[in-house]
Structure formats: C-alpha cells, structure tokens
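Accompanying notes for the structure given below.
In what follows, every chain begins at residue 1, and chains take the letters A, B, ... in the order their sequences are listed. Remember, predicted model here, so these are calculated numbers, not experimental data.
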Amino acid sequence: MKLNSLRGMQDILPEESHVWQHIEENARGLLELYNYNEIRPPILEQAELFLRSIGEDTDIVEKEMYIFNDKKGRRVALRPEGTASVVRAYIQNSLFNNPSPQKFYYIGPMFRYERPQKGRLRQFHQIGVECFGIAAPSVEAEMLWILKQFFKKLNLKNLTYEINSLGCKKCRPSYKESLFNFLNHKIENLCSDCQRRFVKNPLRVLDCKVPGCREVLKDVPVMIDFLCNDCKTHFFGFQKELEDYEIKYSVNPHIVRGLDYYTGTVFEVTTTMLGAQNAVAAGGRYDDLVGYFGGPKTPAAGFAIGMERLVELSKDNLSIESKKPIVYVAYAGKGLDREVKRVISEIRKEGFIAERAYEDISLKNQLKKADKLGVEWVIIVGEEEIKSSLYKWKKMKEGTQGEAGLEEIIKLLREGR
RNA sequence: GCGGGUGUAGCUCAACGGUUAGAGCACUGGACUGUGGCUCCAGGUGCUGCGGGUUCGAGUCCCGUCAUCCGCCCCA
C-alpha cells in the first residue's frame, strides 16, 4: 500500500527549504529591527477561538476549518490563521500590562480545508505580524513600509498596494443599511452567489467579479463616504503616512476581507504573477477583538504574508547560496576510518561542509560520489599519507592535485573560498 | 462544495483496440584493485493510479473512484 501525503499538504524538500530559510531569515532580521519579537502559539486551539473571532458566517468557519473532537470530547481546531491565537495569548498572559505597544511576529503553518490549486494549499504557511496598543495609523502605515522593505530585499517587483477602510461600530451599521437598501431592489440582477451573499454578508457582494454584478455595483454606495469623523481622520492620516513613506497605493473601496474582526484600515498587497491567487500579503486593523475576548479595550493591527506565494514569486530571482559540501574526505586502503574522522572533523571545525564515505567502497567510487555531490575539494587519506603526515588534495574542477599537511590544506581551503 | 484537463519506470515522455510495454535522463555495480567527468557493459527500472464493464483481446474504449493540476467560491 502506497502512502501519500494528504491532499493539499506538501513536503518542502531541501532544495526548496533553502529558499524558505533565506526568506525566513530575512523576515526575522527585518522585523526584529522594528522591535517585533517572535511569539509561538500552539497550532491546535479551542475551536471556539476561531469561530468567534473570524465570524460564524465566513467561508473559513463555514467550510474550511479542520475541526474535530479530542479524546475528552473538546472541540478543537487547527488554526486557519494566526491573529486569533496571538490575541488569545496576549490576553491569557496579561501582556497588556507590559509597556505598550506589544509587537509580535510568527512564522508557521495554517490549515484550511479547501480545494487546492495554484498558490493555495490546505497546509500553508504565513509570516504574521501583530501590534497591540496603538490606535494611531502610524502602525499600519509602518506595516506597509515593512512589507515594502521586505519585498525589496527579496527582489520582488510588480506588486500593488491597495487600501480601504471598513469603518467602525459607529459608522459601519449605517453603511450596511444603505448597501442593503441599494442591493435589495436589484437583487434579481445579481448572480446566484451574490444573492446568497446578500442574505448572509452583503459586504461580500462588493468584490464579486461577475460582469453582471459589476454592472449593478457601478453606483453602489461605498464605505468611505459613510465614515464617521474619527474613521475619516484616521484613514486620511494613514494615507498621509503612506505618502511620507513614498508608497504607491490605491484606494480600493471593494476590499472587504474574509474575516469579521477587521475594523477601519484594511490593505492587500497583490501580484498578477500567481494566477487566480493574487494576494501575497494582507492585513488591517482590529480594534475591537481584544475587548471582545475579555481583555482590556486595546487597539491593534496586523498582517500576514503567504509563504508559499512568496517562495513561488521569489525563487527565480533570488540566488540562494547552495548548501552542498565543499570538501569530500576519501580514504585509500583499509582500516583508515579513525584517520578519516580526525581529518574531516578538523575540516568541519573550520566551518567547511564536508562529506565522506560511510561504508567500505573503492576510492574510484568515492571520487565518483564526490563528483556527483559537486564538491570543490577531495582530500585523500591513505597509509602513505599517514606515515608522511601529508595528505593528497585534489581540486575537482581543475583536476589539479598535490600533497600537503592538514594545516596547509585548511589554508588552501580558506583561500579557495 | 462546483466545473474542466491529466494519470505509463524515480523524472520527462512514447506505444493503430492486437506478441513478453519502450526511449532519454537519473540511479547501482563493473570494465579501471590509490583517482571523478568521457566511453562501453550489466542491472531494479513497472499490479500502465485503483475497481468494475465492453471485447476473442484493454495502457488504449465506457463507467465509477482516488490522486493531481487549472479554474469557480474564498483566501495568504
């Protein structure tokens, strides 16, 4: 019986994991410069955490959650996103008693039970960032700035920055009412999906791509026109900051986001290079969520980057230093294992990735293996060499070889690096 | 959850419904017992995704199923 990985769950093999490591190292380095520090919440949480934060009527909760009962019958779920867990950790550990702002990042797997396609998997990975305690738009503006820096480091081009404001508890209801009234007598003109959306979550109709719906939506009221004074001030302040950072953005009133907890600012970074899955990073403000979960009323904002999409976009324009071995230590003759271990361990001590034969094979085959590994140097240990304390070295590419003591060989390796 | 494409060796792909299913690359060993690449030889390369059906005969046609890819929904 052949065992395969589950649908939508992929192995990240060494060749690609080097790209992942490169991206992750860049992300950590950059985020820590902005005083974001890593938090590692569990991957499994009480299902209710997600049900309540993301929203019962969202697609994520309705059909995409990995949710099941554990041995004690508790409802648990694999996290479909990171924010809810970080909010939970923030409250549970009373981190609101630490000086504000509290800033976190995480890198790890998320799970959504969806139909896989290009750039979309059931287990996927996000780099997520959350900032608690600051209401000013400078937080989310800096987030876009960080994203821009990050994408620049990874050599990514052709990215679009779009922003919107979803309003707050005060102003969103009047907008929703206006939207409802607008759509209510045009409902026959909407596609079947939108008719369903209209009942469950009318905001969703806004980003429908069906031409007929787009036509209906031509003069649809937009949230921005309904923002209360506070939200308006915040949104304009946000845009002013983006201009300070010289980030080219556009206001897209149809961005609604798939999670219910967003308030005010939302943003998306998209590309045209990934087929239907165009969002590379997205986020926004969620000023009510901490309070909703019983913490002190705390403004917050965050975003997440899709790792797989990032890897897909960047692997071709990054030159990742290969991690293949530089040196192969071969032996010629029997009973030389101790000496090989001594030599190779000296070489590794110097920081060179080194490989050797682990079982008794001919020198010829060792050379063959060394060649296939693409090593630059082969050091040959034999009885003669032990007697003279001089080892044969061979530079594979040039085919040159010579004899030298271990000290001198290490010097050669250093020079050749 | 819905629609479409594709399933043959580890990989890329051939084979009119008709012998024992092939090629290239990769892999392992040898020719070459202390020297890789080139060449040659030998060799695993395989329940043709799985299960039914049609047929004298199915890798090939039909149905189902699973997997995968692409799209829809939605999202990172």
* K349(A): what forms a salt bridge (charged side-chain N to carboxylate O under 4.0 Å, His left out) with it, not counting sequence neighbours? ->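 Expected list: E346(A).
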* **Pair listing, salt bridge (Lys or Arg N to Asp or Glu O under 4.0 Å) test, anchored in residues 16-31 of chain A, at least two apart** =>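 Every salt bridge (Lys or Arg N to Asp or Glu O under 4.0 Å) pair that includes a residue of residues 16-31 of chain A, provided the two are not neighbours, is E16(A)-K315(A), R28(A)-E38(A).
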* To do: Report the residues that fulfil side chain to side chain donor-acceptor pair (under 3.5 Å) with Q239(A), sequence neighbours left out, ordered by chain and then residue number.
  =>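 Testing Q239(A) for side chain to side chain donor-acceptor pair (under 3.5 Å), a comparison that skips the adjacent residues, returns Y249(A).
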* Asked: Taking only residues two or more places apart in sequence, or in another chain, which ones meet F180(A) in a side chain to side chain contact (heavy atoms under 4.5 Å, CB included)?
  ->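 Checked F180(A) against side chain to side chain contact (heavy atoms under 4.5 Å, CB included); matches are N184(A), F198(A).
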* **With sequence neighbours excluded, residues passing side chain to side chain contact (heavy atoms under 4.5 Å, CB included) with D337(A)** =>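 Applying side chain to side chain contact (heavy atoms under 4.5 Å, CB included) to D337(A) gives K341(A), R356(A).
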* Pairing stems for RNA chain B [at least three consecutive pairs; Watson-Crick or G-U; under 3.5 angstrom] ->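 Looking at RNA chain B, the stems formed by three or more consecutive pairs are B:1-7 with B:66-72, B:10-13 with B:22-25, B:27-31 with B:39-43, B:49-53 with B:61-65.
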* Among pairs that include at least one residue of residues 32-66 of chain A, which meet ring pair (Phe, Tyr, Trp, His ring centres under 6.0 Å), considering only residues two or more places apart or in two chains? ->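 Counting only pairs at least two positions apart or across chains, the ring pair (Phe, Tyr, Trp, His ring centres under 6.0 Å) contacts touching residues 32-66 of chain A are Y66(A)-Y113(A).
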* **Pairs involving residues 326-347 of chain A, ordered by first then second residue, that meet ring pair (Phe, Tyr, Trp, His ring centres under 6.0 Å) (sequence neighbours left out)** =>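 Listed by first then second residue: nothing to list.
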Side-chain donor-acceptor distances from residues 7-15 of chain A under 3.5 Å, at least two apart:
none

Short heteroatom pairs, N/O only, protein and nucleotides 65-72 of chain B, under 3.5 Å:
| unit_1 | atom_1 | unit_2 | atom_2 | d |
| --- | --- | --- | --- | --- |
| A67(B) | OP2 | R7(A) | NH2 | 3.3 |
| U68(B) | OP2 | R7(A) | NE | 2.8 |
| C70(B) | OP2 | K118(A) | N | 2.7 |
| G71(B) | OP1 | A276(A) | N | 3.2 |
| G71(B) | OP2 | Q117(A) | NE2 | 3.4 |
| G71(B) | N7 | Q117(A) | OE1 | 3.3 |
| C72(B) | N4 | R120(A) | NH2 | 3.3 |

* Base, sugar-phosphate, or nothing: which does A370(A) touch, judged by heavy atoms less than 4.0 Å apart? ->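 Touches nothing.
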* Which part of the nucleic acid does Q123(A) contact within heavy-atom distance under 4.0 Å: base, sugar-phosphate only, or nothing? ->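 Nothing: the residue Q123(A), judged by heavy atoms under 4.0 Å, touches no strand.
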* Structure fact -> Once base and sugar-phosphate atoms are separated, protein heavy atoms under 4.0 Å mark nucleotides 35-43 of chain B, 5' to 3', with B, S and - as BBB------
When the side chains of residues 128-142 of chain A are checked against the rest of the protein, which donor-acceptor pairs come out under 3.5 Å, sequence neighbours left out?
| unit_1 | atom_1 | unit_2 | atom_2 | d |
| --- | --- | --- | --- | --- |
| E130(A) | OE1 | Y286(A) | OH | 2.5 |
| E130(A) | OE2 | T83(A) | OG1 | 2.8 |
| E130(A) | OE2 | Y106(A) | OH | 3.1 |
| E140(A) | OE1 | R285(A) | NE | 3.1 |
| E140(A) | OE1 | R285(A) | NH2 | 2.7 |
| E140(A) | OE2 | H234(A) | NE2 | 2.5 |
| E140(A) | OE2 | T265(A) | OG1 | 2.7 |
| E140(A) | OE2 | R285(A) | NE | 3.1 |

